Amino acid sequence: MTQKNRLPEGGRIDRTRPLGFLFNGRRYTGFAGDTLASALLANDVHFVGRSFKYHRKRGILGSGAEEPNALVQLELGGRTEPNARATQVDLYEGLIASSQNCWPTLEADLGAANSLLSRIYPAGFYYKTFMWPPSFWMTYERFIRRAAGLGRPPREPDPDRYEKAWRHCDVLVVGAGPAGIAAALAAGRSGARVILVDEQAELGGSLLSRKGAIDGAPATHWLDTALGELRSLPEVMVLPRTTAYGYYDHNMIGLIERIGDHRGGSNGGVPRQRLWHVRAKQVVLATGAIERPLVFSDNDRPGILLASAIETYVNRYAVAAGRRGVIVTGNDTGYGAALALAGAGTAVTVVDLRTEPTGPQHETARARGMEILAGHTVARTFGNGRVTGVEVMPMTADGEGVVGSGRRIECDLVGMSGGWSPTVHLYSQSGGKLRYDEALAAFVPGNFRSGQHLAGAVRGSFGLGAALSEGFAAGAAAAEAAGFRAAAAPVPAVEGYEPAPQRMLWVLPSSKPLGHGGKNFVDFQNDVTAADLKLAVREGYRSVEHVKRYTTTGMGTDQGKTSNINALAILSETVGAAIPAVGTTTFRPPYTPVTVGAFASRDLGDLLDPIRRTPTHGWAEKVGAPFENVGQWKRTWYFPKAGETMHAAVNREVKAARTSIGIVDASTLGKIDIQGPDAVKLLNWVYTNAWDNLAIGRSRYGLMLDENGMVFDDGVTTRIGENHYHMTTTTSGAPRVLAWMEEWLQCEWPHYRVFLTSVTEQWATIGVAGPNARKLISELTQDIALEDESFPFMSMKEGHVAGIPARVFRISFTGELSYEINVPTSYGLALWQALMTAGEKYEITPYGTEAMHVLRAEKGYIIVGQDTDGTVTPGDLGMDWIVSKKKPDFLGKRSLARADTRRDDRKHLVGLLTQNPSEAIPEGAQIVGELKPRPPMKMLGHVTSSYYSPNVGRSIALALIEGGRARIGQELHAALPDRNIRVTVTEPRFFDLEGTRVNG
Amino acid sequence: MPAKTRYSIFSLVRNAFSYHENWEEAWRSPEPRPEYDVIIVGGGGHGLATAYYLAKEHGITNVAVLEKGWIGGGNTGRNTTVVRSNYLWDESAHLYEHALKLWEGLSQELNFNVMFSQRGLLNLAHSPHEMRGLARRVYALNLNGIDSELLNLEQVRAMCPILNFSPKARYPIYGASLQRRGGVARHDAVAWGYARGADARGVDIIQNCEVTGFQISNGKVHGVETTRGTIRANKVGVVAAGHSSVLADLAGFRLPIQSHPLQAAVSEPVKPILDTVVMSGAVHVYVSQSDKGELVLGAGIDSYNSYSQRGSPKVVEDMFGALVELFPIFSRLKVLRTWGGIVDVCPDASPIIGRTPVEGLYFNCGWGTGGFKATPSSGWVFAHTIANDRPHPLNEAFGLERFSSGHLIDEHGAAAVAH
Ligand SMILES: Cc1cc2nc3c(=O)[nH]c(=O)nc-3n(C[C@H](O)[C@H](O)[C@H](O)COP(=O)(O)OP(=O)(O)OC[C@H]3O[C@@H](n4cnc5c(N)ncnc54)[C@H](O)[C@@H]3O)c2cc1C
């Protein structure tokens, strides 16, 4: 039978658009406008899942974000989504869904065996067992893990796209029920930029679920008119299917918009979801309220729903979810479901916890002759799966016990209403404090926060009239606060509806003591019962947070939307403290779960982190060179010729730089332009050496230390003009150096007249090194004299190279005669090509980072971050010469005087030579003095750099070794997991020991 | 002190017959007494472990643990529970390895299942440079007798095939180090287990009791002021994580510590998909799957100082970006909860455990983003330090003096994402 529960008329569904879908392999039909849940209920499918712990049969409980039970595995393959809430999945043609956490099938689930043993599985049982034998936990854990979890994770990459967007607005309204729509109207009419969001496909909130009248007509007429007007306002943006998931500081709201989900398949080509970051001047929260279930024995059978959900299914989806209904309620709103069902032809009995029920809907029901059992409780329920009946009993006056005998009522549908909890999640996230309202038995916002307005049920104002008037007022106030003039709007007339007094019974009494017969569920998803909560308290877990964590109540994917207040109240009764004294747990973002991929959005692959490329990148790519990631930069690693191994290529490059000319793209070096009369003061602070007498046009090498006196960067700085310096840093250290200097300038020396600008991207740097370097450059420049006398080592000249305006630095990271030519970045490639062409006759050889490393290691030049690790002083490097003794102070100076920093057995940078000249020690190898048959062994230090050097004709290594300088000549061992290598300690220099080659 | 029922499957079955109505309290909630031998300030894992070992190892049972909120509610109950001992420097390696050894028998020791799951922990390298750093650490660990191994790309693939192995990734995976004995544990259980064990030995655990001042005269501590009155003791141990500097201020000295928010998140639970802990510095995220099925993940600290337990959304977004980059199949999972804690960051990324300028006042702090794993040994050495008024050999190097001597134990180099 198809759509057995679908009513012949009514609802907001589009009956002209039937949609076929598959659930657990069976074909069903629903209509456009249905959710998966309403379509299932239309087909009388209640039993849709198994609970987390006991694998109990569970049905749809709610009709929206609060749903704890109806979690399904949506779709297959790369598009599968675990734990989709059927109540929030819009139906589309061809939708495929199945139940989760059951095996082999939903009906015959082996995990249900857990239910039989449930007596020994109370809350927290796992802390008390699985400890013996000790080595078995990993085995127990394997079974526990398999039993836990809900849906299946995808096994394929996600084929969908996600987007991010950013927006500013004057007024953001969250929730498009009557209060939110009224607020958006009031604000929108003022001309303010308004964004109205609602998580549902259709705007209207409770107006879609409940029958009501506004201005004498059905409320939905008002709704249509209002939405029409909102759409006509140019500054108003309306976002349906959009959840405000997080409320962050300064009115930053995170929104997740589902653009493609409801289209099915490949989303019709649009992105699946969009993550919005909205910075709102003013926020109106009109997030409504969520109904609470009642806690009675076996209140979890399929067919037992929230009363409001039953009402919603009838009015909005034209689905009467059963033929014979029982509504259990402690308030008047529960009658809404009873009346809706009765109107749909379902026989209904109302079990009212109140002894003297009142309220407009109650009166209507009574007038229509509905059976109403006042002062009654549901003592238990029946059914093997779908509910088949309830036992009702009269209660004692205090509601703590039962009197008389039970009466069984056959039914296939039960609605329950334990009152309403305002949806204060976002309010709380924003830092708002909650206040407990005794009359409502609910937490309501306790203080108003600036830039924020509240309207309707979220404030605990449960009537339609209040929602509208508060909505208009909040919208107008928000617009005014954002600088607009909002005219007073006429508030539409609503038929008087005063909420009637309710009766709160947090656990319904029954003839058996709590937990002795059935189970009274509080948290449906995590299978937490009232008895579990009491057990937790008995065991000393009294704080609300302890109870939550011990029992896991409120920790499911619904984050306790239906269970938190019930749990809290039961806790408060058990410990004998008032609810406000017990306090709430923290509401944490997101409000409802948000797709991980939406947070990632496009920031994946190449967009994960910016890629920085040098001017010669394309050139190197064309010649087939591989690249190395250095920070965000791509640097050419080496330039292999056809068929050449890395080893061969690097050897060739290293040799060329020492025999003729090597050329390297060094554009990644950090460059900072420093200007101002106090520039030299800054340099004197950040470098260890003195900078007062550096002449214009001259360069100097410097080391920077952190507060602990440890080397953290190095580079060459050149004086360009009177008050103008050009600083270079290591490639990856550039941002840190700039931030470091800025921090000192801004915090300690704000009075210094000096300005720093990163110019790394502005200058291309091409290094030309080797005996023929001068000859080559002289061919390409007319205005720069290159002879030693006019252009000595460590100086800079401005002029033209290959016709390009250039700053040429005579500095060397190879120990060879070498120039670093800086030209504006856009000329970098042209310069490179000009040098390559002119250099052909010298067999000019491009080299990459690997050859660069070998060349500098041959000379014993350090790489900060490789030969140092934040624990190395200049003295450790044998660079005491660069630490000024005369300067009164510099950053790190004081720390150099500390006892530990002055020790002479610190780790020193030394060289290591292996016995076998062709064997290179693995970098990172630890050095020991005395080998032992097995660990532990005392380590003296480690190898920081290690290469085969073609120029020295053997392997070379740099290492940091305890008391290293005193050990020169000693034999030590590199102790590796699979072998030991004998090494001899040497000076950390292997080539051109006299240092004459820089002069050509 | 009534002896506690031994937890086991048998006591569970036995209690099932009485509907679990006869379990006694895991710990009492007594009123504070006017005086104790030792007061521990801070009822996190470290504070409770300290009290436990004071009672158990040193016979000092007249002890109170004062907690301003609920025990385990600080970083102990907020952390992502990565347990490992693969630290670079000898001092740290020994301290964390001592913890790891205690972890290995902790459930039995406490008779409380802390669910310590030695599922192995991968530290990914995304460049030769990172590989070199891992190699250095692995070689050092091996020579200290601590398990750790280097894996090449194929070995990483075999261990965790769902990682993104594309050579076109922004930072392709290059290799990894693996500590097989590393893993995760159940954070709350650690606090509760130590609390129950300490309580059974006579320790008073006093919640909702904030320390608001110290009674100090002649450079010696005599007690503390609290929101529940003055409580005297001649020895006070402070273990207050993110609020350590606040307490040091109350005691009249300063600590070289900065407090930062550190955020974490869990996804909705799903069936088992990730069997190891995976950490990546370059892609800046680390993740494991809890026994319940949630992915548990975190990244680096928020860069500003704060005492409020919330961070900026940007950090969380980046963390999920990194997660999908590393595990493309996690894209369609959903984020269930995000939260933050306040971590106490030391300049050298190592803790401070020892005496202070005030006699009888001891501090244990500066664990920053990675102290959960050290809970057992932190309590162990701190109890020793308090009982004997001098450090245990394992925490000798971790005194406050190191900031004047310069003998720092810089663990920054060890991992960009250090948990
Ligand atoms: C998000 C996050 C992830 C982390 N991930 C890891 C990880 O994966 N692995 C790892 O090893 N570590 C991790 N850590 C770090 C780890 O959580 C901490 O280092 C460790 O838990 C600290 O334990 P504790 O007992 O010292 O501190 P806490 O558990 O914070 O305990 C300190 C206690 O002191 C109390 N207190 C403070 N002031 C007072 C006062 N005046 N009076 C009384 N009581 C006071 C606090 O309320 C608190 O309960 C993480 C931390 C965070 C925040």
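Just so it is clear, the model here is predicted, and its values are computed rather than measured. Note on naming: letters A, B, ... go to the chains in the order of the sequence lines (proteins, then strands), and numbering restarts at 1 for each one.
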Heavy-atom distance under 4.5 Å to chain A: side chain of I71(B), backbone, both or neither?
-> both
Can you tell me which residue pairs pass the salt bridge (charged side-chain N to carboxylate O under 4.0 Å, His left out) test with a partner in residues 309-321 of chain B, sequence neighbours excluded?
-> K164(A)-E317(B), D249(A)-R310(B), K314(B)-D318(B)
The interface call for L323(B) against chain A, heavy-atom contacts under 4.5 Å, is side chain
Could you tell me whether the side chain of E923(A) and the main chain of R132(B) form a donor-acceptor pair under 3.5 Å?
-> no
Does K4(B) pair with D199(B) as a salt bridge, N-O distance under 4.0 Å?
-> yes
Ranked by heavy-atom pairs below 4.5 Å to chain A, first place among R14(B), M319(B), R119(B) goes to R119(B)
Checking T557(A) against chain B: side chain, backbone, both or neither under 4.5 Å from a heavy atom?
-> both
Do W27(B) and Y541(A) have ring centroids that are under 6.0 Å from one another?
-> yes
Between A598(A), G556(A), S601(A), A897(A), which shows the greatest number of heavy-atom pairs under 4.5 Å with chain B?
-> G556(A)
Using non-hydrogen atoms and a 4.5 Å limit, figure out which bit of E21(B) sits close to chain A: side chain, backbone, both or neither.
-> both
Between P159(A) and G78(A), which heavy-atom pair has the shortest distance, and what is it?
-> CD-O, 3.3 Å
Just jot down the side-chain contact (heavy atoms from CB on, under 4.5 Å) partners of S303(B), sequence neighbours excluded, or say none.
-> none
Any idea which of M252(A), H277(A), K534(A) has the most non-hydrogen atom pairs under 4.5 angstrom with chain B?
-> H277(A)
Taking every heavy-atom pair that is under 4.5 Å apart, which of E325(B), R332(B), E268(B) has the most such pairs with chain A?
-> R332(B)
Is it the backbone or the side chain of D188(B) that comes under 4.5 Å from a heavy atom of chain A, or both, or neither?
-> side chain
So what's closer than 4.5 Å to chain A heavy atoms on N111(B): side chain, backbone, both or neither?
-> both
One option among V283(B), V138(B), N22(B), N144(B) has the most heavy-atom pairs under 4.5 Å with chain A, and it is N144(B)
Start with the C-alpha gap between H516(A) and Y19(B), add the side-chain angles, then the distance that decides, and say whether ring pair (Phe, Tyr, Trp, His ring centres under 6.0 Å) holds.
-> CA-CA 7 Å; H516(A) 286 220; Y19(B) 296 94; 3.5 Å; yes
So, the part of E75(A) with a heavy atom under 4.5 Å from chain B: the answer is neither
Whatever's closer than 4.5 Å to a heavy atom in chain B on V928(A) counts as side chain
So which part of M131(B) gets closer than 4.5 Å to some heavy atom of chain A, the side chain, the backbone, both or neither?
-> neither
Please flag which part of A26(B) lies under 4.5 Å from any non-hydrogen atom of chain A: side chain, backbone, both or neither.
-> both
N/O donor-acceptor pair under 3.5 Å between E545(A) side chain and G77(B) backbone | no
Step through it carefully: locate the ring centre of F125(A), locate the ring centre of Y7(B), and say whether they are under 6.0 Å apart.
-> no
Heavy atoms, side chains only, cut-off 4.5 Å: are S107(B) and N113(B) in contact?
-> yes
Which bit of T944(A) is near chain B, if near means a heavy-atom gap under 4.5 Å: side chain, backbone, both or neither?
-> backbone
Taking all non-hydrogen atoms of both residues, which atom of Q207(B) and which atom of W70(B) are closest, and how far apart?
-> OE1-CA, 3.1 Å
Heavy atoms only: give me the nearest R903(A)-R906(A) pair and the separation to one decimal.
-> O-CG, 3.4 Å
When R894(A), R79(A), R602(A), E81(A) are compared by non-hydrogen pairs under 4.5 Å with chain B, the top option | R79(A)
Mind listing the closest non-hydrogen atom pair of A925(A) and Y139(B) along with its distance?
-> CA-CD1, 3.4 Å
Can you name the nearest heavy-atom pair linking Y121(A) to K53(A), along with the distance?
-> O-NZ, 3.0 Å
Closest-packed option against chain A by number of heavy-atom pairs under 4.5 Å, given A135(B), P272(B), G145(B) | P272(B)
Using non-hydrogen atoms only, which part of Y171(B) is less than 4.5 Å away from chain A: side chain, backbone, both, or neither?
-> both
On a heavy-atom basis, the closest approach of L333(B) and P154(A) is CD2-CD, 3.8 Å
Chain B heavy atoms under 4.5 Å from M555(A): which part of the residue, side chain, backbone, both or neither?
-> both
Is chain B contacted by the side chain of I611(A), its backbone, both, or neither, given a heavy-atom distance below 4.5 Å?
-> both
Measure N83(A) against the heavy atoms of chain B and call it side chain, backbone, both or neither at under 4.5 Å.
-> both
Against chain B, work out which of R152(A), Q273(A), E156(A) has the most heavy-atom pairs shorter than 4.5 Å and name it.
-> E156(A)
Could you have a look at V316(B), I146(B), L143(B) and say which one has the most heavy-atom pairs with chain A under 4.5 angstrom?
-> L143(B)
Chain A contact via F112(B) - which portion, at a heavy-atom distance below 4.5 Å = both
Among H129(B), Q118(B), K168(B), R196(B), which residue forms the greatest number of heavy-atom pairs with chain A at distances under 4.5 Å?
-> Q118(B)
Given a strict heavy-atom distance threshold of 4.5 Å, which part of L297(B) is in contact with chain A: side chain, backbone, both, or neither?
-> neither
Does any heavy atom of chain B fall under 4.5 Å from the side chain of M939(A), the backbone, both, or neither of them?
-> side chain
D532(A) (side chain) donor-acceptor with A123(A) (main chain) under 3.5 angstrom | yes
Is the Y127(A) to Y550(A) ring centre distance short of 6.0 Å?
-> yes
Should the heavy atoms of other residues, nucleotides or ligands under 6.0 Å from OH of Y304(B) be counted, would the total exceed 12?
-> yes
Please state whether the side chain, the backbone, both or neither of T338(B) comes within less than 4.5 Å of a heavy atom of chain A.
-> both
Cut-off 4.5 Å, heavy atoms of chain A, and the answer for D275(B) is both
Tell me, side chain or backbone of H187(B) under 4.5 Å from chain A's heavy atoms, or both, or neither?
-> side chain
Is chain B contacted by the side chain of R142(A), its backbone, both, or neither, given a heavy-atom distance below 4.5 Å?
-> neither
From the list P936(A), A975(A), G709(A), G605(A), the residue making the most non-hydrogen contacts under 4.5 Å with chain B is G605(A)
Under 4.5 Å heavy-atom distance to chain B, tell me which part of M131(A) shows up: side chain, backbone, both or neither.
-> both
Side chain / backbone / both / neither for S895(A) at chain B, heavy atoms under 4.5 Å = neither
Counting heavy-atom pairs under 4.5 angstrom with chain B, the leader among P157(A), P590(A), A899(A) is P590(A)
With distance as the sole test, does H20(B) use its side chain to make a donor-acceptor pair with the main-chain N or O of R119(A) at under 3.5 Å?
-> yes
Region of L150(A) in contact with chain B, defined by heavy-atom distances below 4.5 Å | both
Value rounded to 0.5 Å, distance of CG in L150(B) from CZ in R137(B) | 10.0 Å
How about Q73(A) and T80(A): does a side-chain donor come under 3.5 Å of a side-chain acceptor?
-> yes
